Amino acid sequence: MASTLRARSRAAAVVVTSVALTALVAGPAAALPGRDLTYDDGEQRGTPMSLGTAFLVFVGIPLVVAALVWLLVKAPGWTRSGRANETDAWTGDPLAVGAPSAGEPAALDAGSDQADGTGGTSARW
Amino acid sequence: MAPGAPVPVGDPVSPSQRLAIEQAVHAAETACGLIFRVHVGALPEGRSTAERVLAESGAASSETVLVAVDPTSRTLEIVTGARAAKSVSDRTCGLASLTMTSSFAAGDLVGGLRAGLQLISAHARTPYLPHLDTV
């Protein structure tokens, strides 16, 4: 419980830090009034990027890419063929391979090993 | 359907895929000398049903390894006869079941059965015969 809380608070701290850093990066790019328009020799400043544009580029595009990846991973499971239906029954006849044929002679003396018991394993998927 | 195409668990096998299973059974029997049986169908009582299926082999049941799969309840039972259990350990059966269930979970019934039978036959060892060195 404590470790989950710690992990969650760590994740929240990471998110807050990344958003703050993004805002810090995008902030100076904003075309704010009263900005210093003094040009140094040879300097050619481009058109400043607005805050909204910066947010779209640095936050929006990664979010869109992440959403696309999530969609590509989840979408196959939404189709009927992709969904594992627990109630699907075996639609074919019981399949038996290697079954003994009728009238097969008893070639082995089975009485001597009956007390040893069977082995094997069970599993589910 | 091609013989190598995965068969989703829940669909009947084609004749070519049944042939592939039969060939795998034959290869396993040739490799280790044991009798192998594959049963795909309902196992209402789980292991008890599988043991009853094994008992249907009659006198040969003690040297038989039965692989029973119930796709509806997603259950796999490997049952070895008394003599077969001396050659095929429960650990080998566990390893084979892990291989098979991995394939079954991916929807490949025939591939899983072939891999499991191959693994069991490869790991089947010569049974230990005590007192051979004594006069």
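Since the structure is predicted, the reported quantities are computational estimates derived from the model, not experimental observations. Chain A is the first sequence line, chain B the second, and so forth, proteins listed ahead of strands; every chain is numbered from 1.
A donor-acceptor distance shorter than 3.5 angstrom exists from the side chain of B:Arg47 to the backbone of B:Ile78, with no hydrogens or angles considered. At distances below 3.5 Å, not a single donor-acceptor pair connects side-chain atoms of B:Ser62 with backbone N or O atoms of B:Ala82.
Only the side chain of B:Leu54 comes within less than 4.5 Å of a heavy atom of chain A; its backbone N, CA, C and O stay farther away. In this structure, chain A has a heavy atom under 4.5 Å from the side chain of B:Glu51, while its backbone stays farther away. The parts of B:Val79 that come within reach of chain A are both its backbone and its side chain, each placing non-hydrogen atoms under 4.5 angstrom from that chain.
Between chain A and the residues B:Met100, B:His26, B:His39, B:Glu77, the most heavy-atom pairs under 4.5 angstrom are made by B:Glu77.
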**Message:** Between B:Thr64 and B:Ser61, does the side-chain hydrogen bond (donor to acceptor under 3.5 Å, both in side chains) criterion hold? Intermediate values first, please.
**Reply:** CA-CA 5 Å; B:Thr64 298; B:Ser61 62; over 6 Å; no

**Request:** Might you work through the salt bridge (charged side-chain N to carboxylate O under 4.0 Å, His left out) test for B:Glu56 and B:Arg52, ending with a clear yes or no?
**Result:** CA-CA 6 Å; B:Glu56 291 173 2; B:Arg52 274 200 296 275; over 6 Å; no

